[in-house]
Amino acid sequence: MDKSEPDADAAGDRQNAEQVLNAVASAAVAARQRLGSLMVEMGLLDAAQLDSALSAQRESAARLGLIVAHTGLASAGAVAGAAARQAGLQRADLRASPLDASLLQGENALAVCLAHRIAPWRRSGNAVVYVAADEAEARRGLATLGVAPDAAILALAPAQEIAEAMLAAHGPAIAQAAATRAPAATSVRTGLFARWRWPLLGALALAASLAPAALLISAITGLFAINALNAAVRIAVLRAALIAPRDPEPATPADAVSLPARLPPPRVTLLIPLLDEPETAPVLFDALERLDWPRELLDVKLILEEGDLRTRAALEATPPPPFCTVITAPAGAPRTKPRALNVALDFAEGEIIGVYDAEDLPEPDQIRRVARILRNAPPEVACVQCRLAYYNARENWLTRCFAIEYAMWFDVLLRGFRALSLPIPLGGTSVFFRRAALEQVGGWDAHNVTEDAELGMRLARAGFRCEISASCTFEEASSQTGQWLRQRSRWLKGFMATWLAHMRRPAALWRDLGARGFIGFQALFLGAAAAYLGLPAFWAFWIMGMFGAAPAWFAEAPGWLVWGLATTQIAGWCAMIAAALIATHRRGERWLWKWIPSLTLYWPLGAAAAWLAVVELFVSPTLWRKTPHGLGRGAEALRARAASRRAEQGPAAARAAGQRISGS
């Protein structure tokens with residue numbers, strides 16, 4: 001017998017099962033009472049509320065139950081009860097009767113159940129009762145699993161209850177999948193450095209003891225050479241940014257935020273990790289409620305870690321809007337933001353996946369702009385990065401320098417990278433993905449503490465590219481030196497780890513990115529670290545050289561080499577100063593110009609962070625140093641305003657917040 005015959009028979013059985021299930025479902029749907037009239041009959045809605053929901057449905061093409069639940073007209077549980085009554089199905093209470101974990105069997109069963117929002121609940125005679133969030137989606141999932149029609153009984157429950165039940169019953173398996181989702185070939189969790197970092201450190205110590213001068217000369221020469229490459233790339237990127245179009249979006253605001261009426265607008269999932277930051281809840285919810293996007297098309301996942309009781313208590317004291325649900329990442333290692341994002345991705349319902357931080361204040365039209373870009377862009381555009389800025393730039397010198405740095409990157413340099421078709425290291429927030437592309441490359445690397453930049457490289461290696469939106473998100477800059485150092489050391493540690501992971505096979509990296517992309521990768525990741533690591537040496541040698549106190553090997557170096565390195569170093573600094581002037585001018589923040597010269601005092605802080613990152617790369621490569629938020633004066637003022645607005649609006653206004661697709 002041909003070995004392919006069993007597979008063909010199985011595929012045929014699944015196809016027949018799906019056809020039977022669809023036929024049964026279609027016949028049942030035709031005989032049902034309309035859900036809207038049923039909810040009125042049950043007292044969940046009145047006639048005016050139903051008319052409003054139906055009007056919204058004509059514009060967004062979303063399911064009526066989703067509109068009712070996400071606008072707060074009725075709870076998700078009540079809507080599930082009405083849908084169950086309409087379909088003649090049981091309304092499952094998973095909080096009172098948990099899932100039977102032993103019923104989930106099969107190699108891909110967990111992934112299929114998560115994808116279709118179904119779960120085997122309990123046995124009923126010879127059949128298994130499957131709980132589902134949506135009947136039609138459940139039948140597709142059962143067909144994928146190969147479950148015969150007479151072997152499954154459906155019950156309905158809200159998606160949030162199913163997510164909670166799945167995490168409770170299968171938390172360890174979900175945690176393991178989230179930790180290993182990214183491909184091993186480029187993950188920090190595997191590879192030469194993961195196994196040999198201590199032997200490598202020992203070899204360096206031995207070399208330092210046997211030939212310290214040779215090791216020092218090699219290190220300094222390497223740092224100077226890498227910094228020269230980095231400076232050259234900066235200059236090229238600055239030039240490209242100045243001659244390239246500034247924005248990919250139409251110039252007129254109306255065109256920039258509207259969507260074609262002939263196509264239904266996409267559903268958008270926002271993933272927002274929260275860890276030990278209860279202070280951010282009022283401001284976060286206020287920002288989400290002001291987003292100009294239909295509530296039924298907004299799926300917000302607030303991601304908590306097990307044991308984070310302070311943040312959970314804050315969410316109970318300040319309930320999130322009805323379009324938000326809480327996902328608790330099960331215990332597991334590493335305890336990082338990317339692992340939490342991977343957990344929540346399994347429960348996301350949107351075709352566009354966005355990421356925000358807890359302290360973010362996105363411009364209200366941001367999702368509209370992003371949706372338009374992705375709709376008009378070719379398939380190889382996998383994501384959209386929005387601009388970032390700081391709302392507390394005036395707080396102190398550190399926040400002013402941080403604001404200048406962000407303006408340089410998001411308003412000038414990032415656009416230069418795009419213009420040169422170089423791979424773009426993504427930011428950790430206000431970045432939106434086509435879900436299919438994100439899942440194709442394996443989500444986030446849970447072991448990389450700069451997961452955003454690394455993901456940008458994986459997307460580029462897979463043939464995708466990133467677009468940039470002019471929409472801006474405002475964040476809180478670290479206003480304390482200790483916070484800043486810990487945050488910057490984490491970023492630089494992730495950059496170093498990303499370079500090590502992707503350079504395991506340099507030839508493959510060259511083949512994936514091309515010569516230009518390969519050079520850009522070196523400048524981005526190795527160059528950024530080398531520029532900070534070498535800064536003390538650069539300054540020390542130039543100062544010693546001025547006073548005739550440089551080491552003999554440096555003093556005897558060819559003059560052309562010394563002057564070449566000096567010229568490259570100065571040119572790189574000048575490029576950054578020019579970028580700072582241009583960026584702050586474009587942002588209308590020329591008041592920052594007088595602070596730009598003080599960047600020469602700001603950059604040495606980066607050197608301290610870089611050397612701390614080197615130490616941590618050996619000692620604790622996956623340690624996530626969380627940056628606290630909501631501590632500055634600006635955050636206090638925002639919390640007060642947010643609390644005042646929510647008190648003035650009340651629940652009814654909060655439910656009605658947000659424009660329709662056709663409204664303005």
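Note on Arg310 versus Glu277: no salt bridge recorded, every NZ/NE/NH1/NH2 to OD/OE distance being 4.0 Å or above. In summary, Arg387 and Glu363 do not engage in a salt bridge, as defined by a charged side-chain N under 4.0 Å from a carboxylate O. Of the charged side-chain nitrogens involved, at least one lies within less than 4.0 Å of a carboxylate oxygen, so that Lys337 and Asp357 count as a salt-bridged pair. For the pair Asp276 and Lys626, the salt-bridge criterion is not met [side-chain N within less than 4.0 Å of a carboxylate O].
Residues passing the side-chain hydrogen bond (donor to acceptor under 3.5 Å, both in side chains) test with Glu616 are Lys493, Arg625, sequence neighbours excluded. Under the side chain to side chain contact (heavy atoms under 4.5 Å, CB included) criterion, Pro423 pairs with Met457, Ala460, Leu513, sequence neighbours left out. Take Arg465 and apply the side-chain hydrogen bond (donor to acceptor under 3.5 Å, both in side chains) test, not counting sequence neighbours, and it matches no residue. By the side chain to side chain contact (heavy atoms under 4.5 Å, CB included) test, Trp510 pairs with Ala515, Phe518, sequence neighbours left out. Partners of Arg490 according to the salt bridge (charged side-chain N to carboxylate O under 4.0 Å, His left out) rule, which considers only residues two or more places apart in sequence or in another chain, do not exist here. The side chain to side chain contact (heavy atoms under 4.5 Å, CB included) search around Ala184 returns Arg189, Thr190, not counting sequence neighbours.
A donor and an acceptor atom, one from each side chain of His502 and Arg461, are located under 3.5 Å apart. When only modelled atom types and interatomic distance are considered, Trp444 and Glu454 share no side-chain donor-acceptor pair under 3.5 Å.
Aromatic ring centroids of Tyr390 and Phe474 lie 6.0 Å or more apart. Between Phe417 and Trp409, the ring centre distance stays below 6.0 Å.
Ring geometry for Phe521 versus Phe525: interplanar angle of 30 to 60°, hence tilted. Using cut-offs of 30° and 60° on the angle between ring planes, the pair Trp484 and Phe402 is perpendicular.
Residue Ile404 comes nearest to Leu592 through the heavy atom pair CD1-O, 3.8 Å, listed as atom of the first residue, atom of the second, then distance.
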